[in-house]
2 protein chains.
Amino acid sequence: MKRVSIKDVAKEAGVSASTVSYVLNSTPTETISQETQKRVMEAVNKLGYVPNLNARSLSSRHSNLIGVLIPQTEPGKELMFSNPFYGELLSSIEYTARQHGYHLLLSGTKEDQDYLSIAQNRGVDGVIIVGTYPGENLNALKTLGVPIVLVDSYVKDDAFHTIGIEDKEGARMATRYLIEKGHRRIAFVSGSIRENGVNIKRYQGYCDAMREAGLAVEEQAVYSGTVDYEYGIEAANEFLARGRKQTAAFVTADVITMGLVKGLQQNHIRIPEDVSIVSFDDVYLSPMAHPALTTIHQDIGEKGKQAVQLVLDAARSKEHHHSECILPLRLVERESVCERREKS
Amino acid sequence: MKRVSIKDVAKEAGVSASTVSYVLNSTPTETISQETQKRVMEAVNKLGYVPNLNARSLSSRHSNLIGVLIPQTEPGKELMFSNPFYGELLSSIEYTARQHGYHLLLSGTKEDQDYLSIAQNRGVDGVIIVGTYPGENLNALKTLGVPIVLVDSYVKDDAFHTIGIEDKEGARMATRYLIEKGHRRIAFVSGSIRENGVNIKRYQGYCDAMREAGLAVEEQAVYSGTVDYEYGIEAANEFLARGRKQTAAFVTADVITMGLVKGLQQNHIRIPEDVSIVSFDDVYLSPMAHPALTTIHQDIGEKGKQAVQLVLDAARSKEHHHSECILPLRLVERESVCERREKS
DNA sequence: CCGCTTTTCGTAAGCGCTTCCATTCATTTT
DNA sequence: AAAATGAATGGAAGCGCTTACGAAAAGCGG
């Protein structure tokens with residue numbers, strides 16, 4: 001239980017602590033003889049020495065740690081992963097980071113929280129923030145001096161790196177697809193529409209597509225709530241309450257869609273025969289849905305990978321150059337949409 | 001960008017660094033006058049001081065950090081969360097930890113990996129390991145001197161705390177339910193069956209129930225693969241290949257079930273009319289499946305919460321007392337099972 | 001006003017590691 | 001042969017914080 005420190009190794013190998021440090025870090029400016037290296041390594045193995053990374057960070061000013069902030073879907077709701085999208089994203093982030101020898105410091109976030117706590121405290125080398133946050137909170141982070149990458153946020157500020165997708169274009173693509181299938185009354189269902197968020201862009205894309213086709217965007221055709229399946233069910237009920245006006249819907253998240261489909265089916269509305277749906281994200285389980293979701297596919301794995309890459313690149317290069325990465329989208333056709341000739 | 005340290009605060013407040021430390025940690029043995037406290041706090045706020053937790057850990061020997069090890073489902077597969085169960089569990093762990101002022105150091109794990117790296121390195125205060133691992137790897141962790149809790153593992157060793165569920169009983173319950181519904185030929189579908197893992201217990205429960213009902217456990221009725229929906233589909237094909245012998249199945253994970261259901265439906269096998277299924281886990285999305293999954297419900301949130309609780313309790317108390325926590329299970333009836341009179 | 005207890009605070013010694021700089025030899029160079 | 005070079009290592013000063021320990025200030029009964 002006795003922690004073995006670098007000094008113990010030094011003593012065992014009959015060298016100084018600094019020498020041990022040099023061989024362990026293979027410091028390029030220093031040169032240690034083969035023989036000594038071998039002796040040190042033997043001591044390390046014999047004693048089972050593992051360096052204390054806290055101490056290392058303290059003196060070397062970098063921690064090989066990346067802070068990751070993932071939103072709790074809703075304040076008060078503890079389920080950070082009520083949206084499987086986050087799970088998949090985190091998965092990819094973790095995997096990529098680990099490949100590079102980095103670990104993750106994970107924290108969920110409530111809106112009102114002080115993000116500094118996680119980041120500044122532990123001396124992370126960079127921060128990945130996923131989702132949309134009020135600007136003030138982000139500003140505090142800028143003073144941190146470590147690279148910050150925003151995933152899926154439209155905050156425009158050169159202090160941050162960003163990675164996202166063509167939200168607007170994706171939504172337009174989805175909506176247009178529905179229009180091409182003969183639908184004219186198309187609902188828009190999304191999570192909360194907030195400043196700098198993705199949903200506002202997707203809403204614009206939806207509107208654009210409608211307008212381009214000469215269709216009106218009716219207020220009663222837009223549904224907005226939270227990003228979880230509960231809201232999908234709620235939206236289904238609301239759809240009924242509003243009189244089943246639309247024959248199709250563009251939904252901005254697969255989770256919502258799953259709830260929506262369920263809610264609709266429970267009311268004996270058939271998908272896609274009665275209501276066609278194009279969804280968004282293409283999470284791991286969406287081909288498993290019934291019907292399998294026709295959805296805008298985004299490469300979640302790539303998103304996470306790029307996020308990590310951005311942080312690491314920025315952490316390495318000294319001068320700050322703002323970078324931005326937009327991933328492409330594509331529509332994958334499955335079973336939740338069918339042709340429709342509007343009666344009117 | 002200039003980091004403000006405790007000394008800066010001390011200077012600003014006109015006191016010594018130790019005094020600042022005392023007020024910040026409200027060290028119980030020391031007593032600082034109200035007035036000084038106020039002065040210090042003002043300086044802290046004015047300078048925007050945030051303590052460097054690395055330094056703190058270094059000198060105080062505790063980090064307010066919990067290491068979390070989550071398995072990559074399959075080696076080579078990067079998707080740690082191909083099973084939504086892990087996402088939900090992590091969610092709960094993160095939330096609970098945060099409530100207690102702890103952060104998470106997250107790492108995925110490959111089988112062959114050296115777990116020490118994450119734990120020992122960073123001086124975590126405890127480790128939560130979810131899933132089943134080869135014993136040798138765990139042994140290395142024992143020397144760590146921090147509490148370790150194993151989630152869903154049947155490794156018997158007083159050095160570890162464990163938290164799990166009544167796997168065997170749950171499986172028995174599920175199988176018996178199917179039998180009560182008139183099924184006699186029941187498949188067992190699970191992820192890999194390995195030593196000390198949950199599936200072996202569930203298999204036993206399945207066997208027990210069958211035996212109790214005087215039914216034979218046929219080798220060709222058991223399917224075992226990986227825990228993801230891809231395997232579910234595979235199992236469906238295998239089911240066909242083996243001649244559609246069973247009228248029901250007990251599946252040990254909802255993700256697998258989703259794949260299985262999909263695969264079966266694609267082959268025009270109706271659920272539950274042709275094949276009834278009782279699943280396991282009751283993940284967030286399982287009521288959304290089509291049909292909604294009749295499944296053994298486990299309280300994933302509670303599991304995560306207890307895991308954290310166990311670590312923290314153990315970290316606080318000096319002497320080691322092995323603790324163990326088994327959570328109850330219950331069957332929730334939904335739509336994937338129906339009555340059946342065996343033809344034979 | 002004096003010893004004595006309490007309260008309040010500063011000094012200093014680390015925690016385990018990195019890293020600049022100086023030092024010691026063994027080689028070369030001229 | 002003396003001077004210059006370079007390779008190989010150790011010394012020591014921190015990184016930013018905690019925490020004995022001890023000293024000074026303050027309260028108090030007599």
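All chains are named by letter (A, B, ...) in the order of the sequence lines, taking the proteins before the strands, and each is independently numbered beginning at 1. All heavy atoms count here, side chains included; hydrogens, waters and symmetry mates do not.
Taking atom CG on A:Leu58 and atom C1' on D:dT18, their separation rounds to 12 Å, with Å as the unit. Between A:Leu53 atom CG and C:dG16 atom P there is a gap of 14 Å when expressed in whole angstrom units. In this structure, B:Ile32 places its CD1 atom 18 Å from P of C:dT6, rounding to the nearest Å. Taking atom CD of A:Glu30 as the reference point, atom P of C:dT24 lies 17 Å away to the nearest angstrom. The CG atom of A:Asn25 sits 15 Å away from the C1' atom of C:dC20 (whole-angstrom rounding). Counting to the nearest Å, the P atom of D:dG10 and the OH atom of A:Tyr22 are 11 Å from each other. For the pair A:Asp8 CG and C:dC17 P, the interatomic distance rounds to 9 Å; values are reported in whole Å. Distance NZ (B:Lys7) to C1' (D:dG14): 8 Å, rounded to an integer number of Å.
A perpendicular orientation is assigned to the rings of B:His321 and B:His161, their planes being inclined by more than 60° (bins at 30° and 60°).
Place B:Ser16 and A:Ser60 on DNA chain C by their nearest nucleotides, and B:Ser16 ends up nearer the 5' end. Comparing A:Gln37 and B:Ser59 by the nucleotide of DNA chain D that holds the closest heavy atom to each, the one mapping nearer the 5' end is A:Gln37.
Across C:dT19, D:dC17, C:dC17, the shortest atom-to-atom separation from the side chain of A:Ala55 is found for C:dC17. The A:Ile6 side chain lies nearest to C:dC17 when the options are C:dC17, D:dT19, C:dG10.
Side-chain N/O atoms of B:Ser21 include none lying less than 4.0 angstrom from OP1 or OP2 on D:dC17. Residue B:Arg61 places at least one side-chain N or O closer than 4.0 Å to OP1 or OP2 of C:dG16. Note on A:Thr19: a side-chain N or O is less than 4.0 Å away from OP1 or OP2 of D:dG10. In this structure, A:Ser18 does not reach the D:dT9 phosphate: none of its side-chain N or O atoms is under 4.0 Å from OP1 or OP2. The phosphate of C:dG16 (OP1 or OP2) has no side-chain N or O of A:Ser5 nearer than 4.0 angstrom. Dashed line: the shortest gap from a side-chain N or O of A:Ser33 to OP1 or OP2 of D:dT9 is under 4.0 Å.
Looking only at distances, a side-chain donor or acceptor of A:Ser33 sits under 3.5 Å from a matching main-chain atom of A:Thr36.
Contacts of B:Ser57 with the nucleic acid, taken as non-hydrogen atoms under 4.0 Å apart, are absent.
When the shell of 6.0 Å around NZ of B:Lys303 is examined, it contains more than 12 heavy atoms from other residues, nucleotides or ligands.
Inter-residue side-chain proximity for B:Leu65 and B:Tyr102 is flagged as unmet; no heavy-atom pair is nearer than 4.5 Å.
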* To do: Kindly indicate, with the supporting measurements, whether the criterion side-chain hydrogen bond (donor to acceptor under 3.5 Å, both in side chains) is fulfilled by A:Asn196 and A:Thr132.
  => CA-CA 7 Å; A:Asn196 296 327; A:Thr132 311; over 6 Å; no
